Number of protein chains: 2
Amino acid sequence: MNTAKSRLQAQVKALRIEAITGAVHGLLAGKGYEAMTMDEVAEAVGMSKASLYKLFPSKESLAAQAMVQVLDQALALIDRLRDTPAADPLDCLQQLTRWAMQTQYDGEMPSLPAQNSALSAALLAHEPYVERLLSMSLKLGVWVAEAQSAGQIDPALPADFVLYQLYARACDPVLGVMKDDGRFDREQTLAWMIKVQFDGLAPVDRSR
Amino acid sequence: MNTAKSRLQAQVKALRIEAITGAVHGLLAGKGYEAMTMDEVAEAVGMSKASLYKLFPSKESLAAQAMVQVLDQALALIDRLRDTPAADPLDCLQQLTRWAMQTQYDGEMPSLPAQNSALSAALLAHEPYVERLLSMSLKLGVWVAEAQSAGQIDPALPADFVLYQLYARACDPVLGVMKDDGRFDREQTLAWMIKVQFDGLAPVDRSR
DNA sequence: GTCTATATGGAGATAGAC
DNA sequence: GTCTATCTCCATATAGAC
């Protein structure tokens, strides 16, 4: 086999994987992990289930790949925000949280079941996923610490608790309910969510 | 058939249903709706699956029954809180939210999948469930309105948005993560959750 | 009314031909 | 490398005997 041919093959394979990841992303966002079937994925990308299994060994691995993609999007946004001179750490945290909530509101955030030990185990065994999750937590941890030093976030709250709160907003059911309600538009809803979250994390106002 | 006999039968049946509901409650809290199987329920109450299906026509109906039980617990707490002279509306809302979060933290809150249209439809078709949900929303809506009038909750927030926020705390993933983390005890965690939620809902402090 | 045994269907995963 | 056809398991639900 010559090099040019194998490079082409590798490119084709990469494109295939990209297409699959996109399809899984959409399906996970639309109906969730449990309801997504391998038949659907295969049909969405126009290949047979058997071929799909040649590229991904399991359904869990598909979910992991999709989550890696989302984490990469978040990490890219984090880097852009960090390069914004006018933004202080709290602004950055708000922008990132806003992006996550907007993605969820728009039905484009993949959703995995919280209670599924098999899936959790598979995710934690998937190194690219863990690596990105860790990387993100480190970067956000810095912002949280800075915001606490600046008195924008209550220093009495553990940084990890603050992180958990922000992560949780990416799957907050309030967003979907507000959308279904229909009386409020997206920007208004997101503004209220941001207000509630970050006023809640702010230091206690002793004068009140 | 004489009356005494049929009364006894009705009592036995009621006890059976109570036992089933309790078992379902525990299973839903422990592993969630999807992972709970009818075989497990049958074994937990010591009857065959076929007999179980004589009392409940479907798995959805079991979940609905368990949710009704939880709503009844919440409604009972609401009535107790309302009879507490020293408690203002905000106190009542905080106490109820605290109870829901504590129940979740302790692994005793039944959990249903958010994305399952079949189950949602079954719940909304189950009148006892809808009736209690409506009743609860009305009672909480009064407290929210009063707390807004008293300046304890931001009047700019729609009352329904505030309600959605409070309902969402009953299934907030932060609670489970904090428990798994292990560095913080339950009371501390609940105190932080309450602080973040209700400081977030409080009116904006213009002087800050 | 309660049980054993079975129907029914769905979904993850694989065998084996081409 | 891709597909068709199939395996295997499991879960909801039911039939039919006692």
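So that the names make sense, note that chain A is the first sequence line, chain B the second, and so on, each numbered from 1. Atoms considered below: every heavy atom in the structure, side chains included; atoms not considered: hydrogens, waters and symmetry mates. Everything numeric here is computed off the predicted structure, so don't read it as measured data.
- Put simply, the side chain of B:Gln148 gets close to the backbone of B:Leu157: a donor and an acceptor are under 3.5 Å apart.
- Nearest heavy-atom pair across A:Pro89 and A:Trp143 is CB-O, 3.6 Å.
- Spacing between atom CE of B:Met36 and atom P of D:dC10 amounts to 18 Å, rounded to whole angstrom units.
- A salt bridge is defined here as a Lys NZ or Arg NE, NH1 or NH2 lying under 4.0 Å from an Asp or Glu carboxylate O, and A:Arg169 with B:Asp172 meets this definition.
- Taking atom CG on A:Leu62 and atom P on C:dA11, their separation rounds to 16 Å, with Å as the unit.
- B:Glu40 and B:Ala35 get closest at one heavy-atom pair: OE1-O, 3.7 Å.
- Summarising the geometry, the separation between CD on A:Glu60 and P on C:dA11 is reported as 16 Å, rounded to the nearest angstrom.
- Ranking D:dT12, C:dG12, C:dA13 by closeness to the B:Met38 side chain, first place goes to D:dT12.
- For the segment residues 44-54 of chain B, residues with any heavy atom less than 4.0 angstrom from an atom of DNA chain D are, sorted by number, B:Lys49, B:Ala50, B:Tyr53.
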Stepwise side chain to side chain donor-acceptor pair (under 3.5 Å) check, A:Asp88 with A:Gln152: CA-CA 10 Å; A:Asp88 63 16; A:Gln152 297 169 314; 3.0 Å; yes
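- Of the residues in residues 8-35 of chain B, those lying under 4.0 Å from DNA chain C by heavy-atom distance are B:Gln9, B:Arg16.
- Taking the ring centre of A:Tyr53 as origin, the terminal cationic atom of A:Lys59 falls outside the region bounded by 6.0 Å and 45° from the ring axis.
- In this structure, B:Asp39 places its CG atom 13 Å from C1' of D:dC9, rounding to the nearest Å.
- Between B:Leu52 and B:Ala42, the closest heavy-atom pair is CD2-N, 4.0 Å.
- Geometrically, A:Lys179 does not engage A:Phe184 in a cation-pi contact, judged by NZ or CZ lying under 6.0 Å from the ring centre and within 45° of the ring axis.
- Whole-Å rounding puts the B:Leu55 CG to D:dT14 P distance at 14 Å.
- Put simply, CD on B:Glu40 is 9 Å from P on D:dT12, counting in whole angstrom units.
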